[in-house]
**Q** 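Encoded as C-alpha cells, here's the structure I'll be asking about.
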Amino acid sequence: MIAINENAAPGSTPAAEQNNYLTCDSGLRSWLFTLDHKRIGVMYLAGILLTFLIGGLIALVIRLELFTPGKAFLSEDRYNELFTLHGAIMTFLFLIPSIPAALGNFLLPVMLGAKDVAFPRMNLASFYLWVVGAIFFLLALVLGGLDTGWTFYTPYSTTTSSTVIAATIGVFILGFSSIFTGLNFVVTINTMRPPGMTWFKMPLFLWSLYATSIIQLLATPVLGITMILLTAEKMLGIGIFDPALGGDPVLYQHFFWFYSHPAVYIMILPAMGVISELISVFSSKPIFGYRFIAFSSIAIALLGFLVWGHHMFISSDSPLAAVIFSALTFSVSIPSGIKVFNWLATMYKGSIRLTTPMCYALSFILLFGIGGLTGLFLGALATDVHLHDTYFVVAHFHYVMMGGTLIAFLAALHYWWPKMFGRMFNEFWAKVACLVIFVGFNWTFFPQFLLGTRGMPRRYARYEAEFQSLHQVSTVGAMVLGVGLFICAGVLLMSLIRGRRAPSNPWGAATLEWQCSSPPPHHNFEQCPLATDPYDYSELVFEGEDEGFVRRPPDFPKRSNLPEEEPALV
Amino acid sequence: MPLAASSGSLFPKPTSTTAGDVDELFYFILAISVVFFAIIVGAMFVFIVKYRQRDDLEIQPSPDHNNVLEIVWTVIPGLLVGVIFFWGFISYLDMRQAPDNSYEIQVTAKKWSWSFTYPNGHVDNKLHVPIDRPVKLVMSSDDVIHSLYIPAFRLKMDLIPGRYSTTWFEAHTAGDYTLFCAEYCGTQHSTMLAKVVVHPSGEFDTWLDNAANLLKTMTPVEAGEILYTRRGCVQCHSIDGAAKVGPTFLNVFGTQQPLTDGSMVEVDENYIRESILEPQAKIRAGYKPVMPTYQGQLKDEEIAALIAYIKSLSTTNEATP
C-alpha cells in the first residue's frame, strides 16, 4: 500500500498551485531551455497541433476542389502541390510524433513514477530537431513547389525537380528527432521502472511506446541511406534509381517503404496502447489478456518490418515476391485482430462509463475495425490489382491513420488533458464533438471505398463525371468533420479558461500518473512511488467531482466518517 | 442475397476473363468482413447496454485472461486469412501468366499520353483489341512510372522506364472502356486517359488494315489531323488558341515567336520538325521543357503530315497547298 503524497489532495490549496510544472518557473526562456519532459511534451503538443491545423485546412481545400469534375478553382499543378503538402505534413509532421512525442514525452516518466526521461537534454534536442526538420521540410516543399506526392517516387521526383533531396533531408532530420525520442524511451523503460514494476506489471501504453521506439531506432536509419544514395546519384552520377544511368526506379520504392511501412506501425501502435488503457479504466476492469496484448505489440513491431513489399504488387516485381509479401501481410493482421477481441472481452462484465475519452475509444474500435478489415482486400493479391492506387486505398489508410491514430490521439488528449493542464472540460460539448467527428469521418471516407471499387484512381485533380455524386457526398462530409474538429478544439481551449479544477484522479485509473496532482509538480513525485497493479480498480472509490477517485482498502471507512484533517490514507 | 443485389453498383460490369474471379474473391472477403464487423459492433453495443455503470449493477467477477479463448480467436481468423491469401494468390498467378496464343501489343506511356503499337507497325492512341482472344501487353515507359488501369477488366500494371512489364486480359463484351493512368506522373496525370475499344467478332482485322494505311488513303492534312490525336499531341497542344502545357497550333505557322533565351524563331517546316525530334532544342518563351522526343517513333511521312496539318490551321497560310 502506498501513501498518497500531499499534492494528491484536490488542487485547491495555493501551495499546490505554485508547485506544478506550469507555474514553477515563468518566462519564455524557462520554456525554450527547459529540460522538463512535461514542458517538452507540451511544446511538442502545440507544434503538432499547429501542423495538424495546416494539414487539415489543406485537406478541406482539396475536397472543395473535388466538388466538381473539372476545374473548380485550382490548377492541376496547384492541386498536385496541395495533396503532396497534405500527405507529407500529416504523416511526417503530425502522425509520427503525435502520440509518442507529445503525449509519450509527458506521460512516460510519470507513468514510471520517475522524475524525467533518462536523457533530458537529448529529449530537448529531439524537440528542436523536430522544429528544424519541420521548417526545413516545409520550406523545401513550398519553395520547391514539390508535387511528387508524399512518397517522392523516382524517377518522377528526381527528374522534375531538384528539391526531392532537400525534402528527404528534412524527413531525415525529423527522423533523427524520432530516433532521439525512441532511444530515450527504450533506455528509460529499461532502467527507470520503479520498484515493483516488472515488465509484465507495466501499463500497456508503455509496452506500445517501447515497441514503437524499437521501430523508430531500427527503421529510421534506412531513410538516411536512401538520402545518401539519392545524393550520390545526383552529385556523382552513379546509377542507382535513375534508369537513364542504369539504375532501377523500383529500388527506390523498396527503400522508401522499408522505412515508411514500419512508420505506419509507429503511428498505430501507440494508438493501440492508448485504447488498451482507456477501455480498461472505463470498464473498471483489468485488461483482458494482458500478455497477449503486450506480445502482440512486439509481434506487430517485428512483422511490420517484413511487409513493405505489399506496396509493390503491381510494380512489375516477380510474382514470387508478391506471394511472399502477401502472406507476410496477412500474418500481421492477426495480432491487430487479437487486440480488438481483447478490448471487447475487457468490457464484458465490466462497469462501463461512457465518458468522452471512452466514446473516442469506442469509435476507434469501429473505425479501426473497418480500416483493418478493408486491409484484407488490399493484402489479397487478386483484389489488390484492381484496388491499388484507387480511392479504396485512400479510404483504407484514412480509416487506419485518421479513424485509428487521430481518434486515439483525441481519446488520449481528452483522457490526459486534466492531468496535463489541471482542468476538466465540458463533457457534454466534448461528446457532441466526438459524435460530429465520428459521423463526419464516415460521411467523408466511406463513399471513397465505393469510388475505389468503381475505378476512381487517386491523386486526380480532374475526374470523370460518373464519379461526381460520390465525390460531392465526400466533400460535404469533410466539412462536417471539420466542424467537429473545431468544436473539439473549442471545448478543450475553453476548459483552460473556464474549466473546473481537475482532481488528481478524475477517471478512476490505477496507473501511477494519477497519483500525483493535476497538473503534476515539477519533479512529478516527492518520493518514488511503489508500483501496484496498473489495472486493479478494486480499491478506488469515487469521492465526488472535486475529489475524484481516492484509493482505499476495502474495509476502510467512508470519508464522511473521517475527521476533516485526516489525510486520504496511510 | 444482399451482396448480389449490390454488385451492380459496387463495381463496373466485369468484362474480362479474370474480372469475375476478382469480384468473387472481393465478395468473399466482404462477407467475412461483414460477419466480423457485426460481431465486433454487436458485442460492443450489447456490453455497453448491459454493463453500463449504474447503481444496481453489481460488478460480477470475470477472468482477466483465458488461454483457450485467446487461442481460438487467434487461430480462427488465422485460418480465414489463410484462405483469403491462397485464393488471392491463385487468381493472381492466372492474371500474371499470359496464355501462349496471346495477341501481343506493345504499350508505351509518356507524359501524358499512351501509344499502342500493333504487330503490323501501326501505332494508335486507343487500345483496339479483338473480342474473346487473349491480348498480352508488353509495356514500358519513356519517362517516369505510369500505370495502366482498366477498371472494367480489373487490370492494373505499372510501366517502368528501362524495363518491360507484361500483363494480359481477354475481353468478352464488345464496347468502349476507359483506361486510366493510376501511378501519379505529374501535371496532367488525371487526364492521361485512353479508350479501350473491344471490336465485335471479325471486325478487328478490318479495322487494323484500314488504320495502318492511313497515309496511303488520305491527304496529308487529313492524316495529320488523325495523327495529332492518335499520337498524343492533342494532350498538350490545342487547336483553338488556348495555351495548354505546350503552345497552341492555331495560327502559329509562318509567325515569329520568342524563345526562352530571348531570341526569335520562325515557325516553319524545319522548326516544327526539330521540335518533334529534339523538343528541348528551342523552347518557346513561357513554356517548360517537358515535351518528350518522338525520335524514331514517327516516320518522315508522318512528320510531313503533321506539318501539313499545322500549316492548315494557320489562316494566313490557308491558300498555300
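First the proteins, then the strands, lettered A, B, ... as listed; each starts at 1. Nothing here was measured: the structure is a model prediction, and the numbers come from that model.
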**Q** Between the side chain of Tyr290(A) and the main-chain N/O of His65(B), is any donor-acceptor distance below 3.5 Å?
**A**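 Not confirmed, Tyr290(A) side chain does not pair with His65(B) backbone.
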
**Q** Do His386(A) and Phe11(B) have ring centroids that are under 6.0 Å from one another?
**A**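 Centroid distance Phe11(B)-His386(A): below 6.0 Å, so yes.
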
**Q** Check whether any side-chain N or O of Ser190(B) sits under 3.5 Å from a backbone N or O of Tyr460(A) as a donor-acceptor pair, and report yes or no.
**A**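 Not at all, since once roles are kept as given, no pair shorter than 3.5 Å links the two residues.
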
**Q** Would a distance-only check, ignoring hydrogens and angles, find a side-chain to backbone donor-acceptor pair under 3.5 Å from Tyr92(B) to Phe313(A)?
**A**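 Yes; judged by distance alone, with no hydrogens or angles, the pair exists.
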
**Q** State plainly whether the residues Arg154(B) and Asp384(A) are in salt-bridge range, i.e. N to O under 4.0 Å.
**A**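 The answer is no: the pair does not qualify as a salt bridge.
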
**Q** Would you check if the distance from the ring center of Tyr149(B) to the ring center of His388(A) is below 6.0 Å?
**A**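 When the ring centroids of Tyr149(B) and His388(A) are compared, they turn out to be at least 6.0 Å apart.
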
**Q** Among Leu30(B), Ile84(B), Ile29(B), find the residue that satisfies the side chain to side chain contact (heavy atoms under 4.5 Å, CB included) test when tested with Thr383(A).
**A**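 In the set Leu30(B), Ile84(B), Ile29(B), the residue that makes a side chain to side chain contact (heavy atoms under 4.5 Å, CB included) with Thr383(A) is Ile29(B).
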
**Q** Taking Lys156(B) for the side chain and Ile314(A) for the main chain, is one N or O donor matched with an acceptor at less than 3.5 Å?
**A**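 No: the side chain of Lys156(B) does not pair with the backbone of Ile314(A).
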
**Q** Check each atom of Leu159(B) against the heavy atoms of chain A and say whether the ones under 4.5 Å are side chain, backbone, both or neither.
**A**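 For Leu159(B), there is no contact with chain A at all, as no heavy atom is under 4.5 Å.
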
**Q** Side chain, backbone, both or neither: which part of Tyr153(A) has an atom under 4.5 Å from a heavy atom of chain B?
**A**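 Tyr153(A) touches chain B through side-chain heavy atoms alone.
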
**Q** Regarding Asp143(B) and Tyr156(A), do their side chains bring together a donor and an acceptor under 3.5 Å, going by distance alone?
**A**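 No.
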
**Q** Measuring heavy-atom distances to chain A, does Leu193(B) have an atom under 4.5 Å in its side chain, in its backbone, in both, or in neither?
**A**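 Contact with chain A is through the side chain of Leu193(B) alone.
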
**Q** Could you look at Ile160(B) and say if it's the side chain, the backbone, both or neither that has a heavy atom under 4.5 Å from chain A?
**A**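 The side chain, not the backbone.
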
**Q** Below 4.5 Å from any heavy atom of chain A, which atoms of Met95(B) appear? Answer side chain, backbone, both or neither.
**A**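 When you check distances to chain A, only side chain atoms of Met95(B) fall under 4.5 Å.
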
**Q** May I have the step-by-step check of side-chain hydrogen bond (donor to acceptor under 3.5 Å, both in side chains) for Tyr184(B) and Asn80(A), ending in yes or no?
**A** CA-CA 9 Å; Tyr184(B) 175 73; Asn80(A) 295 341; 3.2 Å; yes

**Q** Who wins among Ile287(A), Thr154(A), Leu373(A), Val250(A) for the most heavy-atom pairs under 4.5 Å with chain B?
**A**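 Winner by heavy-atom pair count: Leu373(A).
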
